[in-house]
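Down below is the structure, laid out as C-alpha cells.
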Protein chains: 2
Amino acid sequence: MSQADDASAEMPDLIVPERASGYVKGNETREAILRTALSILIEEGWQAMSMRRVATDCGIKFGNLTYHYRTREDLVRELLDAVISSYEREFTTIVHRPDLSPEERLDRYCRLILDDIPSKKTTRFFPELWALSNHDPFVHDRMHELYARARAPLGGIIAEMRPDLSQEERDTLALFISFSMEGSTMFAGFEKPIVDRIALIKRIAIGSFVDLVRNYRSVGAE
Amino acid sequence: MSQADDASAEMPDLIVPERASGYVKGNETREAILRTALSILIEEGWQAMSMRRVATDCGIKFGNLTYHYRTREDLVRELLDAVISSYEREFTTIVHRPDLSPEERLDRYCRLILDDIPSKKTTRFFPELWALSNHDPFVHDRMHELYARARAPLGGIIAEMRPDLSQEERDTLALFISFSMEGSTMFAGFEKPIVDRIALIKRIAIGSFVDLVRNYRSVGAE
DNA sequence: ACATATTTAGGTCAGTTGACAAGTTTACCC
DNA sequence: GGGTAAACTTGTCAACTGACCTAAATATGT
C-alpha cells in the first residue's frame with residue numbers, strides 16, 4: 001500500500017498507446033522516452049523537460065527522439081495522456097463491492113485518493129498539470145475529463161445514500177469532496193510540511209465528508 | 001505600455017518593495033516591470049515570461065531590465081514576493097469583528113476566500129506557484145509562510161469555538177478547511193467548468209466547515 | 001548650477017532550444 | 001536470405017535565451 005517509498009516515484013505507471021507498426025522496438029523506445037520525460041517533469045519541472053534533455057537522459061540520439069515525436073507538443077500530449085490514463089485505470093478498478101455499505105465505500109474511496117496524495121508522482125505531476133491546463137485548452141479538457149471519470153463512482157455512492165437530492169446537488173457534493181482532497185496535495189503531499197499529521201487529516205476529512213453527505217439539507221428543505 | 005495598462009487594469013494589487021535610493025523613477029519602472037511580468041505569467045504561463053519578453057511588453061530596453069533585475073531569478077523572486085504580499089495584506093485586514101459570533105466570522109472568512117477563487121489572478125497565479133514550489137525551496141518556504149499567515153485567523157476562530165480541542169487538532173482543522181478551499185481553484189476558478197454552480201459550492205463548503213468545527217470529536221473522546 | 005549616483009541604451013557573447021533534412025542501420029515478414 | 005519499412009544516426013539551421021559590459025542620459029541633493 002505504501003506508494004511513497006520504493007521505485008514507484010522514479011518508475012511510475014504509464015499507459016503507453018502501442019503503435020501498430022509490427023515492430024516492437026519502437027514501442028519500447030517510446031515507453032522509455034515517456035518514462036524519462038515524466039521523470040524529468042517530476043524531478044525538475046516543466047522547463048527542464050526539453051527535447052534534448054529527454055533524449056540525453058533516455059540514452060538515445062536527439063534525432064531519434066524527433067523521429068518518434070516530431071514536435072515537442074506531440075511528446076507532451078502523449079505524455080499527459082499516458083499518465084492520466086494510468087490514474088484512470090487506478091480509479092475505475094475500485095469500490096465495486098456491493099457487500100459494503102455506501103458509507104463504507106465512501107470511506108474507502110476517499111482513503112484510496114488520500115493515500116495516493118503523498119506519492120511523489122502525484123504530488124509533483126498534478127500541480128504541473130493544473131498550471132499547464134490554464135494555458136493549454138487540450139490539457140484543460142483532457143484533465144477535466146479525467147476528473148469527471150474519477151468522480152463518477154463517488155456520484156454513485158452519494159446517489160445511493162441520498163436519493164432525495166437533485167442530480168445537481170449530488171454532483172456538486174461529489175465535486176466538493178473531490179476537490180477538497182485535491183487541495184491537500186500542496187500540504188500533505190510528498191516532502192510537504194505536514195506529512196506527519198496525515199493520519200489526522202484523513203480522519204477529519206473522511207469524517208467530514210461522511211457527515212456532509214448524510215446530513216446535507218437541500219436549499220428548499222426545512 | 002499597452003500590456004502594462006492591461007495588467008494594471010486586471011490586477012491592481014501588487015506590493016512592490018520600494019528601494020530606498022531617493023529616486024522615484026526607478027521604483028515606478030520596477031513596478032511596471034513586475035506588473036508586466038505578472039501579466040505574462042497569468043496570460044501565457046511560466047515559460048513565456050522571459051527577460052526579453054518582459055522588457056518588450058513593458059516598453060523598456062532589455063539592458064534596462066537587466067539593470068533593475070540582474071538575473072531572471074532576481075525578477076522571479078521579487079515578483080512572487082510582491083504578489084504574495086498583496087494576498088497577505090488582503091487576508092490580515094479582515095475578520096477582526098468582535099461583534100460577530102465565531103460562526104459568523106468563520107462564515108465570512110470562508111466566503112472571502114471563496115469569492116476570490118474565480119478571479120483570473122488567483123486562478124492563474126496559484127497553480128503556477130504550486131508547481132514552482134515543488135522545485136524551488138525558496139518559493140516553497142515563502143508560499144507556506146503565506147499560507148500559515150493566512151490560516152492564522154481561522155485558527156483563532158476555531159480556538160474560540162472549540163477550546164476543548166488540542167492545539168494540533170485545531171491547527172489541523174484549520175488546515176483542512178484551508179486546503180479544501182484551495183482545491184476548488186481548478187474547478188470553480190476563472191473560466192473553469194463549474195463557475196455557474198459556485199453559489200451551491202459555497203453553500204455546501206461553508207455549511208460543511210461550520211458543522212465540522214462544531215461537531216468534531218477528538219480521537220480519544222467517546 | 002554642479003557633482004554624483006542612478007537610470008537607460010546598445011551591443012556582444014556563448015549556450016540552448018526545436019525543427020528539419022539528409023543519410024545509415026536494424027528489425028520484421030515472406 | 002532478401003526486400004522493405006521502420007528505427008536510428010548525423011548534421012545543419014535560425015531563433016531565442018540569459019549574462020555581461022561600456023557608454024550615454026537623466027534625476028537628485030546641495
Side-chain angles (χ1 to χ4, degrees), chain A residues 16-37 40-41 43-80 128 132 135-136 138-139, chain B residues 1 3-4 16-38 40-41 43-80 128 132 135-136 138-139:
Chain A
V16 184
E18 305 244 330
R19 228 163 266 186
S21 64
Y23 291 66
V24 303
K25 192 88 183 291
N27 286 327
E28 285 172 2
T29 302
R30 260 196 306 282
E31 179 165 346
I33 289 171
L34 295 182
R35 240 175 245 293
T36 305
I40 297 173
L41 182 68
E43 297 298 332
E44 298 177 50
W46 198 254
Q47 66 252 8
M49 206 192 83
S50 70
M51 296 287 273
R52 280 183 164 81
R53 173 72 189 282
V54 171
T56 304
D57 285 19
C58 193
I60 66 174
K61 298 299 176 183
F62 178 64
N64 192 14
L65 174 58
T66 65
Y67 164 75
H68 286 290
Y69 297 101
R70 229 166 57 77
T71 72
R72 184 184 140 97
E73 198 177 320
D74 290 339
L75 170 60
V76 169
R77 289 193 168 198
E78 195 153 313
L79 172 63
L80 295 185
E128 301 281 347
L132 202 60
H135 309 289
D136 185 323
F138 167 78
V139 175
Chain B
M1 261 306 198
Q3 282 277 353
V16 184
E18 304 244 330
R19 232 162 262 186
S21 64
Y23 292 68
V24 302
K25 194 87 183 292
N27 286 326
E28 286 171 3
T29 303
R30 259 195 305 282
E31 180 166 344
I33 289 171
L34 295 183
R35 242 175 243 294
T36 305
L38 178 57
I40 297 173
L41 181 68
E43 296 298 333
E44 299 176 50
W46 198 253
Q47 67 250 6
M49 205 192 83
S50 70
M51 295 288 273
R52 280 182 164 82
R53 173 71 190 282
V54 170
T56 304
D57 285 16
C58 193
I60 65 173
K61 298 299 176 183
F62 178 64
N64 191 12
L65 174 58
T66 64
Y67 162 74
H68 286 290
Y69 297 101
R70 226 167 58 77
T71 73
R72 184 184 141 93
E73 199 178 318
D74 289 338
L75 171 59
V76 169
R77 289 193 170 197
E78 195 153 312
L79 172 63
L80 295 185
E128 300 281 347
L132 201 60
H135 308 289
D136 185 323
F138 167 78
V139 176

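Here is how names work: the chains are called A, B, and so on, in the same order as the sequence lines, proteins then strands, and each is numbered from 1.
- The side-chain hydrogen bond (donor to acceptor under 3.5 Å, both in side chains) test applied to A:Thr71 returns A:Asp74, not counting sequence neighbours.
- C:dT6 atom C1' lies 14 Å from atom CD of B:Glu28, rounded to whole Å.
- To the nearest 0.5 Å, atom CG of residue A:Leu34 and atom CD of residue A:Glu31 are 8.0 Å apart.
- Remark: A:Arg19 pairs with A:Glu78 by the salt bridge (charged side-chain N to carboxylate O under 4.0 Å, His left out) rule, at least two apart or across chains.
- Distance, B:Tyr67 OH to C:dA5 P: 12 Å, rounded to whole Å.
- In terms of the salt bridge (charged side-chain N to carboxylate O under 4.0 Å, His left out) criterion, residue partners of A:Arg77 (sequence neighbours excluded) are, by chain and number, A:Glu73.
- Atom pair A:Ile60:CD1 and D:dT10:C1' shows a separation of 14 Å (rounding to whole Å applied).
- Axis deviation across the helix from C:dA1-D:dT30 to C:dC30-D:dG1 amounts to 30°, comparing end segments of five pairs, rounded to 10 degrees.
- The CG atom of A:Asn64 sits 17 Å away from the P atom of C:dT24 (whole-angstrom rounding).
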Under 3.5 Å, which donor-acceptor pairs link side chains of residues 59-68 of chain B to any protein atom two or more places apart or in another chain?
residue: B:Thr66; atom: OG1; partner: B:Gly63; partner atom: O; Å: 2.8
residue: B:His68; atom: ND1; partner: B:Arg30; partner atom: NH1; Å: 3.3

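- Heavy-atom minimum distance, B:Trp46 versus B:Glu128: CB-OE1, 3.5 Å.
- For A:Glu28, there are no side-chain hydrogen bond (donor to acceptor under 3.5 Å, both in side chains) partners at least two apart in sequence or on another chain.
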(request) Report the C-alpha distance between A:Gln47 and B:Gln47 in whole Å, list the side-chain angles of each, state the deciding distance to 0.1 Å, and finish with yes or no for side chain to side chain contact (heavy atoms under 4.5 Å, CB included). (result) CA-CA 7 Å; A:Gln47 66 252 8; B:Gln47 67 250 6; 5.8 Å; no
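- Atom pair B:Lys61:NZ and D:dT26:C1' shows a separation of 17 Å (rounding to whole Å applied).
- Computed from coordinates, the B:Arg53 CZ to D:dC16 C1' distance equals 13 Å when rounded to whole Å.
- Residues meeting the salt bridge (charged side-chain N to carboxylate O under 4.0 Å, His left out) test with A:Asp57, sequence neighbours left out: A:Arg53.
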Just the table, please: protein N/O against nucleotides 25-27 of chain C N/O, every pair under 3.5 Å.
residue: C:dA27; atom: N3; partner: A:Tyr23; partner atom: OH; Å: 3.2

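- In this structure, A:Met51 CE and A:Arg70 CZ are separated by 10.0 Å, a value rounded to the nearest 0.5 Å.
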Give each protein N/O atom lying under 3.5 Å from an N/O atom of nucleotides 19-23 of chain C, with the pair distance.
residue: C:dA19; atom: OP2; partner: A:Arg72; partner atom: N; Å: 2.8
residue: C:dC20; atom: OP2; partner: A:Arg70; partner atom: NH1; Å: 2.9

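- Contact annotation: the side chain of B:Met49 approaches that of B:Val76 to within less than 4.5 Å [non-hydrogen atoms, C-beta and beyond].
- Taking side-chain N and O atoms only, A:His68 has no distance below 4.0 Å to OP1 or OP2 of D:dA6.
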